[in-house]
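Computation of the quantities below employed the complete heavy-atom set of this structure, encompassing side-chain atoms and omitting hydrogens, waters and symmetry-equivalent molecules. Protein chains get the first letters and strands the later ones, always in sequence-line order, with residue 1 at the start of each.
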Amino acid sequence: MPELPEVEVTRRSFAERIRGARVQSVRMGKPLRWPLGVPPQALVGRVIQAVRRRGKYLLVDLDEGVLLLHLGMSGRLLFVPSAPPVGPHDHFDLTTDRGVLRLHDPRRFGAVVWARGEGAEPARKLLAGLGAEPLDEGFDAAAFHAALKKRHAPIKQVLLAGDVVVGVGNIYASEALFMARIRPTVRADRLSRERADRLHAAVRAVLARAVERGGTTLRDFANAMGETGHFQLDVAVYGRAGQACVVCATPIRLLRQGQRSTFFCPVCQRS
DNA sequence: CTATGGACCTGAATGC
DNA sequence: TGCATTCAGGTCCATA
């Protein structure tokens, strides 16, 4: 479900409302990807200072420590005044004096992890090695090209790996490569500066557009207010195998890269 | 060091 | 209808 745009849209949908809230109780359901790291009781009484994002992680700053939230493949947050009935996939409730923050995650690839600070374990290790923030000023085209020069893997897989640039998941990798007219299978180190620049711009444009559109709702994404996204209406190639390319009408092709589906136009993305 | 495949988990869609 | 197989928006870890 969630790539950078969905995580950012989720963040914006509750960050201001939850700021200043005091934690009253914590409920944990089935185990998530990693343990919380402290007894849930330890969060009671903490006050939420801010909600930030790094890559696909949300960082909930507390007056003591920080909570890292990750939505995995199927995670979704909800922030509502009072807790709805608890379903079988509701695995974390943070009840505050301003509402309940709930993580709903059927596949449980998501996580809620506490650390003393961003630089303290286990946060440090989870955040270490993350690449540039694509929507920040600091995402530099020359540095992007230089980083790609060191990689022999197909460009699609380098985008997904997240250690060069963060936040680009399976949907937006295909979309950005289409926009940049680059074939997903080309080795990253074979991209010229000009083509790397096109990809750099395309990644930014696709992600920014998706944030504006409220994310992509393929089946069940919704922000913490329960609102769905609309970028699925703007998708050019993802999930469109066999359908006509929006530019040249050639049928979109599907291929497998590292057990993930990749979609591309064989004519618009010749190399 | 880099690249690759398997692992984690559940539900929906597809195929026989 | 029933049951098996495949696929899904992520990413860590072991292995080459």
Take atom [atom1] in [N] and the same atom in [M], then report the distance between them in whole Å.
N: dT6(C); M: dG6(B); atom1: P; answer: 13 Å
N: dT11(C); M: dA12(B); atom1: C1'; answer: 23 Å
N: dA7(B); M: dT5(C); atom1: P; answer: 16 Å

Pair R256(A), S261(A): side-chain N/O donor-acceptor within cut-off below 3.5 Å: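 Note: R256(A) and S261(A) side chains meet the donor-acceptor criterion.
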
Tell me whether E3(A) is salt-bridged to K56(A), with the criterion being a basic N under 4.0 Å from an acidic carboxylate O.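 Judged by the 4.0 Å cut-off on N to carboxylate O distance, E3(A) and K56(A) do not form a salt bridge.
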
Is a salt bridge present between D234(A) and R213(A), judged by a nitrogen-to-oxygen distance below 4.0 Å?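 Counted as a salt bridge, because a side-chain N and a carboxylate O are separated by less than 4.0 Å.
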
For nucleotides 4-9 of chain C, 5' to 3', base contacts (B), sugar-phosphate-only contacts (S) and non-contacts (-) with protein non-hydrogen atoms under 4.0 Å give ---SBB

Considering non-hydrogen atoms only, spot the tightest contact between T96(A) and Q24(A) and give its length.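 Looks like O-OE1, 3.3 Å.
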
Would you confirm whether R76(A), through its side chain, and D220(A), through its main-chain N or O, come within 3.5 Å as a donor-acceptor pair?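 The answer is yes, because a donor-acceptor pair under 3.5 Å joins these two groups.
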
Sidechain-backbone polar pair: R53(A) side chain, G55(A) backbone, donor-acceptor under 3.5 Å: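 Yes, because the side chain of R53(A) sits within donor-acceptor range (under 3.5 Å) of the backbone of G55(A).
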
Pairs under 3.5 Å (Watson-Crick or G-U), crossing ones as [ ], inter-strand ones as |: DNA chain B comes out as .|||||||.|||||||

Looking at every strand, decide which applies to F231(A) at a 4.0 Å heavy-atom threshold: base, sugar-phosphate, or nothing.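 Nothing, no heavy atom under 4.0 Å.
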
Using a heavy-atom cut-off of 4.0 Å across all strands, would you classify R33(A) as base, sugar-phosphate, or nothing?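 Base, at least one base heavy atom under 4.0 Å.
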
R76(A) CZ - dT10(B) C1' separation (whole Å):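 Going from CZ in R76(A) over to C1' in dT10(B) covers 15 Å.
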
Specify the separation, in whole Å, of atom CG of L160(A) and atom C1' of dC12(C).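 To the nearest whole Å, that distance equals 15 Å.
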
Closest-nucleotide 5' rank along DNA chain B - winner of H89(A) and P154(A):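 On the 5' side of the pair lies P154(A).
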
Can you tell me which nucleotide in dT10(B), dT4(B), dG10(C) comes closest to the side chain of K30(A)?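 Nearest nucleotide to the side chain: dT10(B).
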
Nearest of dC13(C), dA3(B), dC12(C) to any side-chain atom of A153(A)?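 Within the option list, the nearest is dA3(B).
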
For the pair F144(A) and F139(A), name the ring-plane relationship: parallel under 30°, tilted 30 to 60°, perpendicular over 60°.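 Correct class here is perpendicular.
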
Could you please spell out the steps behind the ring-ring contact (aromatic ring centres under 6.0 Å, His included) verdict for Y172(A) and F231(A)? CA-CA 10 Å; Y172(A) 301 114; F231(A) 188 83; 5.5 Å; yes

Side-chain N or O of H70(A) closer than 4.0 Å to phosphate OP1/OP2 of dT11(C):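 Yes, H70(A) has a side-chain N/O under 4.0 Å of OP1/OP2 on dT11(C).
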
dC1(B) phosphate, OP1 or OP2, under 4.0 Å from H152(A) side-chain N/O: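 H152(A) to dC1(B) OP1/OP2: no side-chain N or O under 4.0 Å.
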
For the ring pair F178(A) and F264(A), is the centre-to-centre distance below 6.0 Å?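 Judged by ring-centre distance (under 6.0 Å), F178(A) and F264(A) do not meet the cut-off.
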
